[in-house]
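Here's the structure we're looking at; comments come further down.
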Amino acid sequence: MHARLAPAQALVDERRTLYRLAVDLFAPGTGLSDNLADHPIVRYEVGRALAGHGGLDPSRLHEVAALRVRDAGIAVAADPRAAEVLEAPLRIVAPPGAAPRPLTEADGERFEAAFAIVADGVRLLRRLAPAMADDLLAHVSMLAVLKAETSGGVVSASSRYVPGIVLIDEPSAPIEVAEALVHEGAHEKFFDLAITREFLDVRAEDVEEFENSWSHARWPLEQTFAAWHAYSCLAQFAESCGEEDLGRDSLLPKARERADEIGAWLIAHEVELRPDARWLLHAFTGDPLGETASPADQADADVREDGHFHVLPDVRYKRADTGRVVVGRATQPPQLFWLDEDAGWVMAQCGPSGTAEFRDLLARATEEWQADSAVVARRLKSALGSLVRASLVEWTP
């Protein structure tokens, strides 16, 4: 189901494209390697800047990315500086009164023992559910193991504020690691979907909260959807576990029941979800999804065929390998937009000058899209109209 929405590597590429554009808005010309674009703390620093919490120092990005890791099938934080570099995720996931500390190579045999269990857990996940492992682990850039006496009972955790890193309590068995990677990998997958696809918008903050039946905790819509997605993935993983002895804190026996409870609530409130979130919800639950009207083929009356347009000076854009285009405006704080297919195609035709004639676009689009010129004209006018209304381009008759 995930792959039908976006294959994992395509989704990762689009997420990298977004972060590269964001960095370019703050420090034009600064390039991000894949390693930098994937690094959780680099993404945290970029996220802070996008939220208006200070600027962005490119040298800081290279500094945090120098954190040493060890390969256990996923990158495991091993550097003795980990507590300092990973301060943000450790602080964010800390239970009240706790101050989690990561195990590192400075802890000697204790770290090596935990590292070996993590490596076994990754292998176990790939053996039990190879397709799921490929799908979810693509979104996990780093794992940190927490010292049990400092974690405050954290079993596993992740945060949308520091996407890409999974934190787990000191494990005693590989199955604990495998389950934690499914649980938190599902969250990491959701974080990437939420910033590249149509999942939630600002209205989500005003929707009534969901109250679960097992702890009576109340969750806002975003957390509710993330929990449903994680429990749905755990329920699927449980079917692959067979006779495996589960950890004492395992959620696998409860996952299906909880996923169904949350899913029923989400379907009752699906009007608050954006189209891709609704599609995924119905695909996972098996509930038929009704057809929704699309304005994509409607012409825009304000766009004439005898004019030209130019991209506004504060607009930057990048095109992912998938062909999708993300656009940013160098405002304070910056604004980022993913464009629909037609609008993205139009932006990609602008070239270095940032200008284009409607008639030239029409000729190119008619050839490339292999559609009737009247249909193509309507689609182009709709795309250009949306770009004008978003203050990304200016139309001159």
Side-chain angles (χ1 to χ4, degrees), residues 1-2 4-6 11 15 47 51 89 92-96 132 135-136 139-140 153-168 179-238 249-290 292 338:
M1 296 301 178
H2 286 151
R4 287 180 61 189
L5 198 56
L11 191 59
R15 181 247 292 159
I92 291 169
V93 307
M132 175 176 282
D135 181 44
L136 298 183
H139 304 276
V140 178
V154 170
V155 177
S156 68
S158 53
S159 169
R160 66 185 177 97
Y161 298 109
V162 195
I165 187 169
V166 168
L167 301 105
I168 64 169
E179 179 178 338
L181 288 173
V182 172
H183 186 163
E184 305 306 334
H187 285 325
E188 300 296 346
K189 181 94 178 183
F190 170 69
F191 299 153
D192 283 355
L193 285 167
I195 64 170
T196 60
R197 291 301 190 275
E198 294 188 75
F199 263 64
L200 301 168
D201 57 24
V202 293
R203 296 177 304 160
E205 299 177 2
D206 299 322
V207 177
E208 67 171 299
E209 294 184 332
F210 166 75
E211 180 179 346
N212 70 51
S213 65
W214 55 92
S215 69
H216 296 288
R218 298 183 66 85
W219 299 332
L221 181 60
E222 181 178 8
Q223 187 176 356
T224 301
F225 196 98
W228 165 78
H229 181 246
Y231 276 120
S232 296
C233 292
L234 287 168
Q236 182 176 334
F237 180 59
D249 296 314
S250 177
L251 294 172
L252 295 179
K254 311 165 187 174
R256 174 54 60 201
E257 179 182 354
R258 293 184 179 182
D260 289 346
E261 177 182 332
I262 304 171
W265 186 91
L266 286 170
I267 287 175
H269 295 77
E270 67 174 306
V271 68
E272 308 297 344
L273 301 174
R274 301 288 290 148
D276 292 327
R278 287 200 304 272
W279 183 91
L280 191 65
L281 173 65
H282 285 268
F284 267 47
T285 59
D287 191 63
L289 178 64
T292 55
W338 280 102

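Here, residue 1 is the first one in the sequence, and each next residue gets the next number.
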- Side-chain touch Glu209/Gln223, heavy atoms, less than 4.5 angstrom: no

- Which atom names give the shortest non-hydrogen contact between Leu221 and Trp265, and what distance separates them? CD1-CZ3, 3.9 Å

- Test side chain to side chain contact (heavy atoms under 4.5 Å, CB included) applied to Arg256 - qualifying residues, sequence neighbours left out: Ala235, Glu239, Ala259, Asp260

- Message: On a heavy-atom basis, which atom in Thr196 and which in Trp338 lie closest, and how many Å separate them?
- Response: CA-NE1, 3.4 Å

- Query: Does the side chain of Ile267 come within less than 4.5 Å of Leu281's, by heavy atoms?
  - Reply: yes

- Under the salt bridge (charged side-chain N to carboxylate O under 4.0 Å, His left out) test, residues paired with Glu198 that sit two or more places apart: Arg274

- Query: Taking C-beta and beyond as the side chain, do Cys233 and Gln236 meet within less than 4.5 Å on heavy atoms?
  - Reply: no

- Item | Distance (rounded to the nearest 0.5 Å) between Ser159 OG and Leu167 CG | 9.5 Å

- Polar side-chain atom of Glu222 near backbone of Ala204 as donor-acceptor pair, under 3.5 Å: no

- Task: May I ask you to check whether Phe284 and His2 place their ring centres under 6.0 Å from each other?
- Result: yes

- Task: Taking all non-hydrogen atoms of both residues into account, name the closest pair between Ser156 and Glu184 and its distance.
- Result: OG-OE2, 2.6 Å

- Task: Using the six-membered ring wherever Trp is involved, compare the ring planes of Trp219 and Phe210 and label them parallel, tilted or perpendicular (cut-offs 30° and 60°).
- Result: tilted

- State, yes or no, whether a side-chain contact exists between Lys189 and Leu11 at a heavy-atom distance under 4.5 Å. yes

- Message: Could you report the tightest heavy-atom contact between Arg197 and Leu5, atom names first, then the distance?
- Response: NH2-O, 3.7 Å

- Note on the structure: Nearest heavy-atom approach of His187 to Ala226 is CE1-O, 3.4 Å

- Could you grab the distance from atom CH2 of Trp228 to atom CG of Leu280, nearest 0.5 Å is fine? 4.5 Å

- Glu261 side chain to Ser213 main-chain N or O, any donor-acceptor pair under 3.5 Å? yes

- Would you say the side-chain atoms of Glu211 pair up with the backbone N or O of Arg218, donor to acceptor, closer than 3.5 Å? no

- Any idea which heavy atoms bring Ser158 and Glu188 closest together, and the distance? CB-OE2, 3.3 Å

- Query: Is there a side-chain contact between Leu266 and Thr224, using heavy atoms and a 4.5 Å cut-off?
  - Reply: yes

- Item | Donor-acceptor under 3.5 Å (His229 side chain, Ala186 main chain) | yes

- Check whether any side-chain N or O of Arg278 sits under 3.5 Å from a backbone N or O of Leu273 as a donor-acceptor pair, and report yes or no. yes

- Query: Taking the side chain as C-beta and beyond, is there a heavy-atom pair between Arg4 and Trp279 under 4.5 Å?
  - Reply: yes

- Residues Arg258, Leu251; criterion side-chain contact (heavy atoms from CB on, under 4.5 Å); working and verdict: CA-CA 10 Å; Arg258 293 184 179 182; Leu251 294 172; 3.7 Å; yes

